[in-house]
Every structure is written in C-alpha cells, then in structure tokens.
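Right, one structure below, let's go through it.
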Amino acid sequence: MAEAHSAVAFSFSITHEGWDVNFDREVLHLVWASGVRSWKKRLARFKNNLKSGLYPATVHSLWATVAVVAGCHFSGLYVPYLNEIIKLMPEENGKYQLISCAGLSVASWLGVTYTIRYALKLLFMYKGWIYEERGPGRKISLKTRLWLLAVKLLSGPSKPMLYSFQGSLPRLPLPPVSDTMRRYLRSVRPLLDDEKYARMEKLAKQFENGISVKLQRYLMLKSWWATNYVSDWWEEYVYLRGRSPLVVNSNFYGIDTVLMFHTDIQAARAATVIHTILQYRRLIERQELEPILLQGIVPLCSWQYERMFNTTRVPGPETDKIVHYSDSKHVVVYHKGRYYKVQIYYKHRMLTPCEIEVQMQLILDDKSEPVEGEERLAALTGSPRTDWANIRQEYFFRGTNRQSLDAIEKAAFFVVLDDIPYEFDQKDPWKLDQFGRTLLHGNGCNRWFDKSLTLCIGSNGRIGFNAEHSWADAAVMSHLWEFTCSEEATFKWYGQDGHTLGTPEFKPPAPIRLHWDFKPGCLNAIDKSYLSVQKIINDVDLRIYMHTNYGKGFMKTCRISPDAYIQMALQLAYYRNAGKFSLTYEASMTRLFREGRTETVRPCTIESSAWVKAMIDTKKTTVERVNLLQKACKQHQLAYQDAMCGKGIDRHLFCLYVVSKYLEVDSPFLNEVLSEPWRLSTSQTPHGQTSKLDLKKFPKCISAGGGFGPVADDGYGVSYIIAGEDLLFFHISSKKSCPDTDSSKFALDIEKALDDIRLLFIDYKKQTKK
C-alpha cells in the first residue's frame, strides 16, 4: 500500500551562487489540471443555471426572435416600438438599427419568457387534479383537462433540466388556523375519551381565539417573504438542533436488490456501484437528471438533490450545520479499522469500474494494522452531538487529525468495505434482519454517520447504504438507489469470472492511507463514545418481514389505494398488538411546492378506528366491515392529498410553536400537541422514480426498501415498500428495553392483518356475486 509522501511543488533558496529554484513539474501539472477542471465546472454550472432560469424558452428561440425582428425591419415591415428605440440612438445607420433590433428582441423575448413562467406558476397552484379519482371508468373533469392542456402547451417541447421548474413552483400555502384546529381535533378524537377530548377541545378553542391570531400574523409574514415557511425551521429545529446521537435516532438505511445477485467479488461490486453513483452525481452537477414529473406533467421540487454529495453534517455545541462543498475528486474508504483517500479522477477523466476495482483490491490486500483508536474512531459521529463537537474542537482542530478529518468531510461520499457478508435467504428471515441491522448501525464504529451518504459493501458483494437525514428526505435517496440498481441490471458490468469488464488504460492512483495522532484524552473520548453507541445499537430490535402472499396486484382489484390498504392493516395490527389506538405518523411529501420536504398524515382516524373495532366484533358482517374499510381508506386518501397540497396539521402547528418560542409566549395547547409521542411511525419507500427502470424486463430489480429506528421509546418504526404485484417488505424497529414492544410479534400481527383483509374481500366478492 502506498503511503503518503511529503512533496514540495515549488521551493527556492538564496545561496552565495545566487537563486536556487526547484519545482515539481508533475505536482504543478496536477494543480493546473485541477484549476482548469474547476473553471470548466463553473462555466458549465453557469450555462446550465442560465438554461434552467429561462425554461421553457431556449437560447435558440432568442436568436430566432432577433432574426425575425431584424428581418421584418430591414424588409420594410412595421415593428412596434422599434422606430422609437432607433430615434434614441446617436445615428440611424445600419449598425445602430441592428443593435436596436437586438435590444427590442431580447426585451420582448424575456417578457414573453417570464410571462410563461409566471403563468406556469399560477397553473401549478391548481391542485384539483390530485383529488380526482383515477382508474378504469373514471372521467377527468373538464376543468382538469383544460388545465392539463394549458400546462402542456406552456411547458413547451424542450426537455426540462433538473432545476428547470424551480422558478415556476408555487410557495407552500399557509392554511387558516381554524382549518388546522378542525383537522387536529378530528384526528385525536379516536385517541381520547369524552372527558379528555372535551378538555382538548377547550384548549384548542382558547388557542384559536387567543394567541394564535398574533402567531399566525407573523407566520403569514414569513410565508410571503421566505421561499418556504416550513423547511428552514424544520431542518434547523428538528434535525440540526437535535442533540441526540444520529445512529438509530436519525440516520436511515437502504438495502440491495436481494432477489438479484450480480457478483460475489467485493472489489468488483464496490467499483461498479461507486462508478454508477459518480455518474449520478455528474447528472446532478450538469442538471441532466430528469426531474420527477407526476402524471408526466407536474414537477416535484428538485432542491434537495443539491446536497446529496460532497456534504457532511458538522457538529456544534448548540446546533450542527450542513457543509456542502462545490466539488470533490475523491472518496474515503473504510476497511478493517483503516481509512483511505481514493482519487476518483485521473488524467482529466473519471476512473472506469475496472480501474476503481484495482484501487479497491489494493485496500483489501493491505495487511497494515490500524493505529490505536483508529478502528473505533467513527463512534464519535454516533455520540451525542455536543460531546462530538467538543471533542472535534479539542483534538481535530489542527495538525494531522485535521487533515485526515478534512479528507473525510470533503469526500464525495463515504465507502465501507465490510469484512462480513450481507446475506439473504428467504427461508431464514434472521439473515435479512441482520442485513438491515448491519446497514442501520454496523458495529457502531464502521459508519461515518455525519456523511450525507455512506455506501456499504459486504464481503460477498451485496450492498446497502446508510444516510444522514438532515440534508434531504428518504425519497431523494431512494431515487439515487433506484438509479444505481437499474443501471447495474440494465448494462453488462461483469465478466463470467465476476470481475468488472474492461482493461485499465493506466495504473490508477493508489489509495492513500489517512494518518491520525490520538492523544490519551482523545482515546478516552473514543472509547467512551464507542460504549455509548454500543448501548444504543444493542437496544435495537429490527425485523424485516417479506410478505409474498400477495401485493399491489390484489390491492388494486379491491379498488383501494395500496398505501391506504397497508395503513389500515397497520392500524389493525397495532390495535391487536397494543390493545389500543395510538397517534400514528405517516410521512407525505410537499415537493409540489418550492423547497418542500414532508408533512404528516395521521392514519388513525375516526373511520379507521371504527373499522378496526368492527374487525374485532364478531357480530359485524362482511359487508359492514368492507363498507367501513372503504370509508376509512377514502378518509385516509383525502388526508394524504390534503397533506400534499399544504393542508396538513403538524407542520403548521410546529411553525406556530417556533414563533411562540421566539416571542417568548407560552401556549398550553401547543406545548401539549408538540409533546405527543408518535408510538407508530410509518413511511412508504417510493420506487418508479426513474424512467430507466423497466420492471417488465427486470421484475427482480427492486430494492428490499429500507428502514429507520423507532421514534418513541415504547413504539414502533415501520417502513414498507410495495415492491411488486405480489411482494411487500416491512422494516419494523423497536427497542428491546421496552417490555411492551416486540418487532417479531408485530410482524406476525401485520401478516395476520393482511391475510384477514384479503379473506374479507374474497368473501365480500363471493357475496356480491350471489
């Protein structure tokens, strides 16, 4: 393994013979090449920002406008306002007439362009299309059809870039307090008895008629002034000001396409996936990644993609900060307690998979031992944030440790070559559970939890990721993961021997081992952090349930939204598991608005609780149960649609709470609402976000999804993915220290709930046929 050498690019000294100048041509060439690449990227970024800022118009249309105006003028045709502009010129010769034509053309072209952009913004404010039922036999209203036609016409024929629609996305609307209060009280009704509900209703009315008027006024001002009245506060107060460890509490994970197995050679798989992820980064940098368009027309905000790479979360004493670097030409690889800086660009281009495989193999073959404390170093990133901030300031502020830490934090992303296999066996569920645990937290010190993305590769070639949560939401990471999996399935990357195809054009740069200098105090801090992380990860009870009895195919025959179907199953399962209803969280996105992130859907409703009770009541008939289920699903779908359209409950209340804290005003209602525990926290992993994924051709090219830790100490965290027509995955987490939760037991309850709903509809269809 190549060690780091000190090199001097340029030096000089004065001797009795005169000046003595020395310089290293190779290093100076690298400096020059780096500068050239940096300026090329700046120019490309400026060009792409210009294109995105002018979308849907194109630069070609500008030249065409200039040509038409000039042609009309010089052929004698009248062009409005042109003669007035020409009179302002010093002379009326051909040169100044041409300048006048160009000036009028640019002004007219910009006017039309920005009028179209503003018109698109107004059109995107319409959300009626979300509430219309879709499917066979369903008719789209005339209003929505006219809206669709207008959007298509104004969007133009040109292909949009990643950020093309950013300027046309509307702001997140601020709902009236009265509407939020009505929705909130309705959502808690099934959770409270009559006495407690009456008390909550009184608190809500006092708040609505009292301090909320002042708080809403300030929030209204922010909604007019800021791009998004929620996102910056959500990022700061929910994530960056949180002092709890990131491991399990915040970071989430994603799993490989377990039904496909490409190669068991770790270096080859690592090289291919690293190269594919770097290609994805390039698409983002060049804005060539296709923006996600709902129904192929309505764009989602792409703002979160900006910080996917070259990003780290830096701890602070009171609040963390997200640091994003404009560029990075290396990744950092961790293997058996050692850290390596790996160059991913050489000789003016990105390294190919076969060249990266050489680098990965050099790391795997390295027999050197980690220095004392190095193996457990990453446990610091899993310790309480204030502790990590203080340790970082004291021991990583300068010298060797500072340089090595910079290499990690400035890397494109972090890579882990694990020395254990990631296994999947449908007959042995424990292996998939262990797969998930390995990605969620590893051994507590082999994941750099601060990095936006940590790519993990098992010794048998299976992969996964661990992601920090503050910079973006899981749907954005799912897009990257889906792209990576589909690229690997679509193209032939490996030979029959399992190694990457191709031959290196040159010897790639050797990985550079990062060096550390740990003082006794730092070693003690590392050991202390390691013990605290071990306590956290040993308390995790994770169960990944693979449901193969049926999937989306059967759900669609029931004419029910698959998401609502699963959420009702979770309500039934939780009631059987806990013997009561609980406040339930489901994440919904608000990316139909600029800089939108998430909103909360509350699946535990009056309708869902009535249906669950009917399933327990043996006196209820099949028809009654199905009718109640359909009502519950309809209500859930309406709540989900409201959340997407900015009519949610929890983000509005959260922002009102933040304003109250700034004004130092106490609100008993807000204090109680914001302290309510989410004992059942759920999220659906989306897929189908990239057009590259052909599920008909590659039906097994679907990730097993991913998961997260429990939000409440006495609750469950449930992430699920509708992986196919006959396949579902549930990632269920809880804490072993809680006597009231058991992830394996809850998985069985979910299995039974899904089976009961299937039998319910089968029986219902038989009865309706009769």
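Source: prediction; values computed, not measured.
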Please list every donor-acceptor pair under 3.5 Å in which a side-chain atom of residues 159-169 meets a protein atom from a residue at least two apart or in another chain.
residue: S164; atom: OG; partner: M161; partner atom: N; Å: 2.6
residue: S164; atom: OG; partner: M161; partner atom: O; Å: 3.3
residue: Q166; atom: OE1; partner: S302; partner atom: N; Å: 3.0

Exercise. Which residues satisfy the ring-ring contact (aromatic ring centres under 6.0 Å, His included) test with F413, sequence neighbours excluded?
Worked result: none
Seminar exercise, completed: What one should report as the nearest heavy-atom pair of I284 and M308 is CD1-SD, 4.1 Å
Seminar exercise, completed: For P315 and D320 the tightest heavy-atom approach is CA-OD1, 3.2 Å
Exercise. Out of curiosity, H652 NE2 to I649 CD1, how far, rounded to the nearest 0.5 Å?
Worked result: 11.5 Å
Exercise. How are the rings of H636 and Y640 set to each other: parallel, tilted or perpendicular (split at 30° and 60°)?
Worked result: tilted
For this session: Please confirm whether R313 makes a cation-pi placement over W471, using NZ or CZ under 6.0 Å from the six-membered ring centre and within 45° of the ring normal.
Result: no
Exercise. Can a salt bridge be assigned to the pair R591 and E599 using a cut-off of 4.0 Å between side-chain N and carboxylate O?
Worked result: no
Exercise. Is it true that W233 and F654 have ring centroids separated by less than 6.0 Å?
Worked result: no
Exercise. Between D232 and K222, is there a salt bridge with N-O shorter than 4.0 Å?
Worked result: yes
Problem set entry | Spatial distance of atom NZ (K152) from atom CG (L123) [nearest 0.5 Å] | 13.5 Å
Exercise. Taking the six-membered ring for Trp, are W129 and W147 parallel (under 30°), tilted (30 to 60°) or perpendicular (over 60°)?
Worked result: parallel
Problem set entry | Between H73 and Y78, ring centroids under 6.0 Å | no
Problem set entry | Heavy-atom side-chain contact between R182 and D179 under 4.5 Å | yes
Exercise. Does E468 reach the main-chain N or O of S470 with its side chain, forming a donor-acceptor pair under 3.5 Å?
Worked result: yes
For this session: Please determine if K451 forms a cation-pi arrangement with Y325, meaning its NZ or CZ atom is less than 6.0 Å from the six-membered ring centre and no more than 45° off the ring axis.
Result: no
Exercise. If you measure from OG on S452 to CZ on F465, what distance do you get to the nearest 0.5 Å?
Worked result: 11.5 Å
Problem set entry | Short N-O contact, E505 and R349, less than 4.0 angstrom | yes
